[in-house]
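Read the structure below first, then the notes.
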Amino acid sequence: MRCLVTSSRPYDQESLHAANQGRHEFSFVETPLREDTAVIARGYQAVCPFVDDTLNSAVLEALAQGGTLLLALRSTGFNHVDLPTAERLGLTVMRVRDYSPYAVAEFALGLMLTLNRHLHKAYNRVREGNFLLDGLLGFDMHGKTVGLIGTGKIGAALARILHGMGCRLLGYDPYPNPICQSLGMQYVSLDTLLGESRIVSLHLPLTPDTYHLINAERLARMPQGALLINTSRGALIDTSALIAALKSRHLGAVGLDVYEEEAELYFHNLCDDIICDDTFARLLTFPNVVVTGHQAFFTAEALHTIAATTITNLDDFAAGRENGNIVHAPTPGAPHP
Ligand code: NAD
C-alpha cells in the first residue's frame, strides 16, 4: 500500500523501514495532520498518524476525498480520532493494541520515585556543588498505598512492579483484572481510592466519560501531600484545578507525561520559541511538578512493536483480513470494552 507517515521523526522512519522489508511504499513527513495540511495525504491509500495528529471530522473528510481508506494509528490510544465520522466515511481505523505496557509502567514508576526522592532537584544540586540533604526527604514506597485508576495492560504491569516493592494496591476499573486481583489489589470505589492512596496513577483511556475525571472535587478527596501521576492522556485531569491544588499545597507532587493541550508543544523543538500557553508555563514553575513530553512509550522495544504491528495492520487490511486491531465507533450507551 502507499502509506503516508505523518508527524514522523527519524526514529519512526528507521523502525518502520526495518519492519517493512519493502512490502509497502512509505513516505515520511514531519508535518502533523491538521485541517490546512490534510491535503498532503491526497493519493495515499493509508495514512499512518501519531497522537499529535488532528483527526477531526474536517481532516477525515479531506482524507476520504483524497482517496485514503485506512488510518493505521501508531498508538494505542484513539481518543484523537472522530470515530463516528470515520465510520460514516468508510475509513477503517486500526491501532497498535499493545506494544510495551512495561515501557509506560516503568516510566510511571520513574516519575513516582523522582518526585518522592526529589531526584530532579538532587541532580542539579550536586552539579552545583551543594551536597546538603535538606528538602530532599522522601518516604519508603514499601507499605504505602498506591491507587491505580485503570487496571488494563499498563495498570497491571505497574501493579506487578509495585507489588514487588511491597505497596498496598487499590484499583478502580469497571472491569477488575484477575492479574491485579492475584497480586492482592483491592477494587474499591473511586472516592475510596482517592481518599486512601498516598500515590494515585492514571492508566485509563480518555473518552467523553473520563474527560476531566480528576477535577477540583476529586483532587480535594486526595490526602494532603499525595502524589498524582498521569502517563495516560492529559485531558483526564482538569489542569486549572490541578494548579489550584498545587498552589494551596494540598497536593504533594505531580508527575505528568501528558498534558491536555500538548498537541502544539510536544514532539517539537521550541527552545527558541516563546511558550504562549500560560497554564503550561505555570505548571513548569512548581518545584514539585515534573513534566515530560509524552515519552513514556519511548523504548526500543516499544518502537519495534509499534512498527511491526503497523506493518501487520497494513498487510491485513490489503489482504482483506480482519484482525483485532480495528477500532469501531462506540455504540451510544454501551460500556467501554
Ligand atoms: P487497556 O485498554 O489495556 O486498559 C485500560 C483500562 O482502563 C481498562 O481495564 C478499562 O476497563 C479501564 N477503564 C476504562 N474506562 C475507565 C473508567 N472510567 N474508570 C476506570 N477505568 C476505566 O489500555 P492500556 O494499554 O493499559 O493503556 C492505558 C492508557 O495509557 C491508554 O488509553 C493511553 O491513553 C495511555 N498510553 C500512554 C502512553 C504514553 O506514552 N504516555 C503510551 C501508551 C498508552
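Along the sequence shown, residues carry numbers from 1. Note: hydrogens, waters and symmetry copies are ignored here, and every other heavy atom, side chains too, is used. Source: prediction; values computed, not measured. Both counts, for ligands and for their atoms, begin at 1 and track the order of listing.
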Any luck finding a side-chain donor-acceptor pair between [X] and [Y] under 3.5 Å?
X: Asp52; Y: His80; result: no
X: Thr151; Y: Tyr187; result: yes
X: Thr239; Y: Glu260; result: yes
X: Arg282; Y: Thr285; result: yes

Has [X] got any heavy atom lying under 4.0 angstrom from an atom of ligand 1?
X: Thr231; result: yes
X: Pro101; result: no
X: Asp98; result: no

Taking heavy atoms and a distance under 4.0 Å, where does [X] meet ligand 1: side chain, backbone, both or neither?
X: Lys153; result: both
X: Leu204; result: both
X: Asp173; result: both
X: Tyr99; result: side chain
X: His294; result: side chain
X: Phe107; result: neither

Can you name the atoms of ligand 1, numbered from 1 with element, that are less than 4.0 Å from a heavy atom of [X]?
X: Gly150; answer: 7 (O), 21 (N)
X: Tyr172; answer: 19 (N), 20 (C), 21 (N)
X: Tyr175; answer: 11 (O)
X: His203; answer: 5 (C), 6 (C), 7 (O), 28 (C)

Query raised in the report: When you look at Arg88 and Glu61, which way does the salt bridge (Lys or Arg N to Asp or Glu O under 4.0 Å) test go after all the steps?
Result: CA-CA 10 Å; Arg88 177 173 60 75; Glu61 295 271 2; 2.9 Å; yes

Any N or O of [X] closer than 3.5 Å to N or O of ligand 1:
X: Ile149; value: no
X: Arg97; value: no
X: Val104; value: no

Query raised in the report: What do you reckon, is CZ of Arg321 surrounded by more than 12 foreign heavy atoms closer than 6.0 Å?
Result: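 Result for CZ/Arg321: enclosed.
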
Requested in this report: Please indicate whether Arg117 has more than 12 foreign heavy atoms, meaning atoms of other residues, nucleotides or ligands, lying under 6.0 Å from its CZ.
Outcome: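 Counting other residues, nucleotides and ligands, CZ of Arg117 stays at 12 neighbours or fewer.
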
Query raised in the report: Hey, any chance Leu204 and Val81 share a hydrophobic cluster, counting ILVMFWY side chains that come within less than 4.5 Å of each other, even indirectly?
Result: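 Leu204 and Val81: separate clusters.
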
Query raised in the report: Linking I/L/V/M/F/W/Y whenever any side-chain heavy atoms sit under 4.5 Å apart, do Ile40 and Val5 land together?
Result: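 No.
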
Report task. Could you label the plane-to-plane angle of the Phe280 and Tyr259 rings as parallel, tilted or perpendicular, counting under 30° as parallel and over 60° as perpendicular? Result ->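 Ring orientation, 0 to 90° scale: tilted.
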
